[in-house]
Amino acid sequence: MRRVSVFGATGSVGESTLDLLAQRPDIKVAVLTGGRNVARLAEQARAHGADLAVTAFEECYRDLKAALAGSGIEVAGGPGAVVEAAYRPADWVMSAIVGAAGLAPGFAALSQGRTLALANKESLVTAGPLLLAEARAHGATVLPVDSEHSAVFQALVGEDIAAVEKVILTASGGGLRDWPLDKLAEASVADAASHPNWSMGQRITIDSASMFNKAMEVIEAREFFGLAPDQIEVLIHPQSLVHALVGFNDGALMAHLGAPDMRHPIGYALNWPDRAHLPVSRLDLAKVARLDFAAPDTRRYPALELARQVMAAGGASGAVFNAAKETALDQFIAGHIRFTDMAPVVAETLDICAARTDMGRVPTTLADVLEIDAEARVLAGQAGLRRHRSHSGAA
Ligand code: NDP
């Protein structure tokens, strides 16, 4: 029987994955991991008859153990236990932990030659070349789960990548798309965390409003498909029905359309290379009636320019970018900096790191990446603090 493990099971992508797996009695759920939501993790583990449930936080282990008492399900806790779980036998592994914490389990799964369904954006942005080399070295497969990358991947079936002129990733523009530019600095966490079309976790929804999410996706697309930076474009598409387009050298433009429902790209990765029935709503184009597209305004979305800077610089800059972005996001959520401070904090951190010879090294191991990540978080934290002080008028 096919065995599947879900890392980040209690999150938005994890829940969608389990929703699909609930309809697949032909698949055995091996490992489920979560973070602090141990009550939900225990519920999921019981409902799916998992072999092992792991919380990434040692302090949550006792609660998980208690919640699964008498179930016969093995329980573990701590970041090391999450990585160990990735060495367990599985045919297909969903990487849906949020943030840099998703890297090590992904690498572990690839070292075992698994098929890795990659939702965790941070993996390709911070360690793309290393991750793909690990997959090649162990005969493992990486499948994209981000809806845009899945769309490109599907449009490329049977095509020669050399015939691709460009890839266009679409973006809804996020919850603040229509706000006046001079009001953006006043956007609250709740304003930024409301998405017009997609239902996602809080962090990715705010990243969608700032377009840091799209910036990450541009870098991901470059790494995954091996494209040149100027082959990747972004278009605002408010309806979120066209997920991506691929332009070929004969002038053809292939678009992937579908309802904004993550169960489609997850289900595609689960059934790949085949297609299977999925319980997602079908588009009625006559009802949709119109599809709008517009070029993004880089004054509203400075993160897109930062992505270009990162792709031009290469080396450690992806890891610095992601770490600084996560830190700036934490500071915004905590109320320490404004929505419009996030991009300057990331830009400043990139500049500081570019000027430091010790931060300019090309990471050659996962440990290198994690070290750069940790250093960049400290620098971004300091940059955020400076902005906080300048707003509050402190010295
Ligand atoms: P969520 O925040 O909804 O879920 C994150 C998951 O990771 C939860 O299971 C959470 O556990 C767990 N987690 C949190 N911190 C840690 C940690 N330190 N170590 C291990 N596990 C941890 O995120 P999403 O599902 O929205 O996104 C997951 C990833 O997929 C992200 O990288 C995101 O960018 C990407 N992605 C998401 C999409 C979406 O539609 N949501 C679309 C495409 C990509 P708990 O909740 O129990 O604390």
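In listed order, ligands and their atoms are each counted from 1. Remember, predicted model here, so these are calculated numbers, not experimental data.
The list of side chain to side chain donor-acceptor pair (under 3.5 Å) pairs with a residue in residues 140-159, not counting sequence neighbours, reads Lys121-Asp146, Glu148-Lys214, Ser150-Gln154, Gln154-His256, Gln154-His264, Gln154-Arg275.
Under the side chain to side chain contact (heavy atoms under 4.5 Å, CB included) test applied with Val310, the options Ile219, Val125, Val218 reduce to a single match, Ile219.
The ring pair (Phe, Tyr, Trp, His ring centres under 6.0 Å) test applied to Phe212 returns Phe321, not counting sequence neighbours. Applying the salt bridge (charged side-chain N to carboxylate O under 4.0 Å, His left out) test to Lys28 and every residue at least two apart in sequence or in another chain returns Asp51.
Using a heavy-atom distance under 4.0 Å as the criterion, the protein contacts of ligand 1 are Gly8, Ala9, Thr10, Gly11, Ser12, Val13, Gly34, Gly35, Arg36, Asn37, Ala56, Phe57, Ala96, Ile97, Val98, Ala101, Ala119, Asn120, Lys121, Glu122, Asp146, Met200, Gly201, Ile204, Met262.
Looking at Arg114 and Asp91, no side-chain N of the basic residue comes within less than 4.0 Å of a carboxylate O on the acidic one, giving no salt bridge.
Of the N and O atoms on the side chains of Asn197 and Ser240, at least one donor lies less than 3.5 Å from an acceptor on the other residue.
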